[in-house]
There are 2 protein chains.
Amino acid sequence: MTRVSIKHIAGKLGVSNATVSLVLNGKEKEGRVGKETADKIRQVASEMNYEPNNLARGFRIGKSHTIGLIVADISNPFFANLAFYIQEQAEKFGYSVIITNTNESDLKMEKMVQVLKNRQVDGFLIVPTEYGEPYVADLVNRNLPVVLIDRYFPALNVSSVIVDNYNASVKAVENLVNRGCKNIGLVIYKNSLQHILERKRGYMDALKEHGYYNPALIKEVNYSLMQDDIVIAIEGLLAKENKLDGIFFATNTLFTSGIKQLKLMQADIPNHIKLVTFDKSEAFEWMNISIPYILQPIPDMGKMAVELLVEQIGNNAPMVKCIELQTSLKEAP
Amino acid sequence: MTRVSIKHIAGKLGVSNATVSLVLNGKEKEGRVGKETADKIRQVASEMNYEPNNLARGFRIGKSHTIGLIVADISNPFFANLAFYIQEQAEKFGYSVIITNTNESDLKMEKMVQVLKNRQVDGFLIVPTEYGEPYVADLVNRNLPVVLIDRYFPALNVSSVIVDNYNASVKAVENLVNRGCKNIGLVIYKNSLQHILERKRGYMDALKEHGYYNPALIKEVNYSLMQDDIVIAIEGLLAKENKLDGIFFATNTLFTSGIKQLKLMQADIPNHIKLVTFDKSEAFEWMNISIPYILQPIPDMGKMAVELLVEQIGNNAPMVKCIELQTSLKEAP
DNA sequence: CTGAAAGCGCTTACAG
DNA sequence: CTGAAAGCGCTTACAG
């Protein structure tokens, strides 16, 4: 039972492959195919249960109609959500999405870029890892459509969809200050990614503004040593001499680890120490306290990233657009 | 800058396309290509930065080297985890994975099967929805490789990787009985999927064994009306006359909703009411009590499903294999 | 041991 | 308005 192709339809009707192809692609007007011929072709096609061979079509026109998405870890809720909205939007444009994970390793990122390039994806949606810049640069140099999400490299001329991390941090800190905090700690990753630097800068500027800035209260955690580092960070912050009364967690993963340690050390939250964090966490639902958090517009981020990418794929001379979305401060839950 | 193809290499070396293709696919022995020729071809290929056109290759041999994965919702941690391990394993076999969501809607499932069929995936990995049986049956009839995961249809002759839901339930109930419970409620979905029926059957049999069975303590919740139904279910169970002392939650989503309602109603856990649930939950980390749970071997499920599928793709006369994995009862966290 | 040729299914100029 | 033909890049018999 061989699959029915354009040729079968053409043969049956005594018309050419070209005519069938034109009609089935809705290009009968450009090809100026007669209405009767067109109708007959459509009828026979559906009678024969014709289904186009997309592998052949993709090969012929040099497009796979596939988008490659690279994230750190699909089982992280932030990325899982992002992936969900990206897929939903991509589907609307007729694209499928191949998701791959880097686990925050630049080596893995290099590999994944290679894998997706070999798959001939039409474009890349990337949440880059630290030191992942050269692999993105390589794609850009090859003129392949790329949109960075969540994180970006300022030196690279590439489209991106990010949030205003600086102002988000300022908002977070202001929230603590408004609640009466003066000695506010920051728990953040130790790395060189722009969004991390921006969050740090926002924290510092906001505190300086109030004259509360104290560099000893910044605790930087290694992603790969999280388990240990977070303990050190929280212990350090809670040291008596700091008179700590507030903590800003710069990511949801840091918050999740940090709050456990705080509980372990029986910190009095929120009476003694007030918190604010990036991103909503499952943890909120299980705690009796309400923790304000920075809400990132994940659905919009996904949606706009796909739109930017599809636009790039369509245009040969793509315009580089950097979209910076605003966040909002929400009271949990 | 046109991409370098086999033809370019062949032209440069004065050999035929066939020879180049043979060598680059490591089939020089079958083609009995001379060692020197082969070496020269490999050298030139790498000098010219040759990268095979997989679209062309896929089209030619009729394989996309892509697997379609259909789950209910990628932002559900259970599926996100499953997807993670599936991807990892698929990559080892040279396959990419396209993930799609059904949101537990059979209409959406029908659509996703169609989308993936149009994409010419080499095989399907499906967590089917209720009433999704005909769409799976259709794939099987067309002789397309399919492996069901987590859920299956007994009437269908199709490969699957599931867990022993019946015995898992028995184990869960036994745990409560051993902790002294006699009036044990069940919170479960109201649907006809086999894994749900099996979990229910396990619960009933285990209780009958002890003479504790009471049908009034079974509460069935509609997936789409979860918010409301869970309130009714928990309120019903906690009614005085039931003298409830234990609850078995048949899925992690039910547990997550149910525990919130229990807290709201200030149920005394675990002194008054003891719990057991399917799957680990983030919630465990935030509660001061330890809740035993049924651990499903998600990494193995993903891995074996991919192996089964790849085997099917390789063989024209696929063998139907149903793998039933055992679960274990763990104490959280 | 290697080359010449056919063909996968489709689309796209081109010719009439 | 429609057909004949070329060709995308690859693999696979087949012939020598």
Side-chain angles (χ1 to χ4, degrees), chain A residues 1-42 44-45 48-66 94 117-120 122 316, chain B residues 1-42 44-45 48-66 94 117-120 122 316:
Chain A
M1 185 181 100
T2 165
R3 194 175 164 142
V4 13
S5 75
I6 272 189
K7 212 195 275 181
H8 295 124
I9 300 175
K12 191 151 185 170
L13 281 168
V15 301
S16 79
N17 298 351
T19 308
V20 176
S21 171
L22 249 21
V23 171
L24 262 24
N25 283 301
K27 293 189 182 165
E28 45 188 284
K29 275 174 195 148
E30 299 164 44
R32 293 144 301 157
V33 180
K35 177 101 171 66
E36 302 153 51
T37 320
D39 284 345
K40 222 178 288 172
I41 287 170
R42 269 187 292 263
V44 172
M48 297 178 83
N49 286 317
Y50 170 71
E51 283 177 10
N53 182 335
N54 282 297
L55 248 33
R57 184 164 195 278
F59 160 58
R60 180 61 182 78
I61 64 181
K63 296 241 175 287
S64 63
H65 291 284
T66 303
K117 239 166 51 182
N118 285 345
R119 291 243 146 238
Q120 265 132 320
D122 293 339
N316 300 38
Chain B
M1 185 184 98
T2 166
R3 194 176 163 138
V4 13
S5 75
I6 271 188
K7 213 194 274 180
H8 295 123
I9 301 176
K12 190 150 188 172
L13 280 169
V15 302
S16 78
N17 297 352
T19 307
V20 177
S21 170
L22 248 20
V23 171
L24 262 25
N25 284 299
K27 294 188 181 167
E28 44 188 287
K29 276 175 197 151
E30 299 165 45
R32 294 143 299 157
V33 180
K35 179 101 171 64
E36 304 151 49
T37 321
D39 284 345
K40 221 177 288 172
I41 287 171
R42 268 186 293 261
V44 171
M48 298 177 85
N49 286 316
Y50 171 72
E51 283 177 10
N53 181 334
N54 282 299
L55 249 32
R57 184 162 196 278
F59 160 58
R60 179 60 181 77
I61 64 180
K63 298 242 175 285
S64 62
H65 291 283
T66 303
K117 238 166 50 181
N118 285 346
R119 292 242 145 238
Q120 266 132 317
D122 294 340
N316 300 37

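Throughout, a chain's letter reflects where its sequence line sits, starting with A, and its residues are numbered from 1.
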Specify the separation, in whole Å, of atom [atom1] of [X] and atom [atom2] of [N].
{"X": "A:Ile9", "N": "C:dT11", "atom1": "CD1", "atom2": "P", "result": "11 Å"}
{"X": "A:His65", "N": "C:dC10", "atom1": "NE2", "atom2": "P", "result": "14 Å"}
{"X": "A:Asn17", "N": "D:dA4", "atom1": "CG", "atom2": "P", "result": "10 Å"}
{"X": "A:Asn118", "N": "D:dC10", "atom1": "CG", "atom2": "P", "result": "12 Å"}
{"X": "B:Leu22", "N": "D:dC14", "atom1": "CG", "atom2": "P", "result": "15 Å"}
{"X": "B:Asn53", "N": "D:dT11", "atom1": "CG", "atom2": "P", "result": "10 Å"}
{"X": "B:Lys40", "N": "C:dC1", "atom1": "NZ", "atom2": "P", "result": "15 Å"}
{"X": "B:Arg60", "N": "C:dA6", "atom1": "CZ", "atom2": "C1'", "result": "9 Å"}

With respect to the side chain of [X], which nucleotide from [options] is positioned closest?
{"X": "A:Ile61", "options": "D:dC10, C:dC8, C:dT12", "answer": "C:dT12"}
{"X": "B:Asn25", "options": "D:dT11, D:dT2, C:dA4", "answer": "D:dT11"}
{"X": "B:Arg57", "options": "C:dT12, D:dT11, D:dC8", "answer": "D:dT11"}
{"X": "A:Ala56", "options": "C:dT11, D:dT2, C:dG9", "answer": "C:dG9"}
{"X": "B:Ala18", "options": "D:dA4, C:dA4, D:dG9", "answer": "C:dA4"}

Using a cut-off of less than 4.0 Å, is there contact between a side-chain N or O of [X] and OP1 or OP2 of [N]?
{"X": "A:Ser21", "N": "C:dT11", "value": "yes"}
{"X": "A:Tyr50", "N": "C:dG9", "value": "no"}
{"X": "A:Lys35", "N": "D:dC1", "value": "no"}
{"X": "A:Lys7", "N": "C:dC8", "value": "yes"}
{"X": "A:Thr19", "N": "D:dC1", "value": "no"}
{"X": "B:Ser16", "N": "C:dG3", "value": "yes"}

Do the non-hydrogen side-chain atoms of [X] and [Y] ever get within less than 4.5 Å of each other?
{"X": "A:His65", "Y": "A:Asn54", "result": "no"}
{"X": "A:Val23", "Y": "A:Thr37", "result": "no"}
{"X": "B:Arg57", "Y": "B:Asn53", "result": "no"}
{"X": "B:Val44", "Y": "B:Tyr50", "result": "no"}

Exercise. Any strand is fair game: report the nucleotide pairing with D:dG16 by Watson-Crick or G-U wobble, both distances under 3.5 Å, or none.
Key: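 Answer to the pairing question: C:dC1, which forms a Watson-Crick or G-U pair with D:dG16.
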Practice problem: Check B:Ala10 against B:Asn17 and note the closest heavy-atom contact, atom names and distance. | Solution: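 Where B:Ala10 meets B:Asn17 most closely, the heavy atoms are CB-OD1, 3.3 Å.
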Quiz item: Which atoms form the tightest heavy-atom contact between B:Asn118 and A:Glu51, and what is the distance?
Solution: OD1-OE1, 4.4 Å
Self-check item: B:Phe59 over C:dC8, stacked by centroid distance under 5.5 Å, angle under 30°
Solution: yes
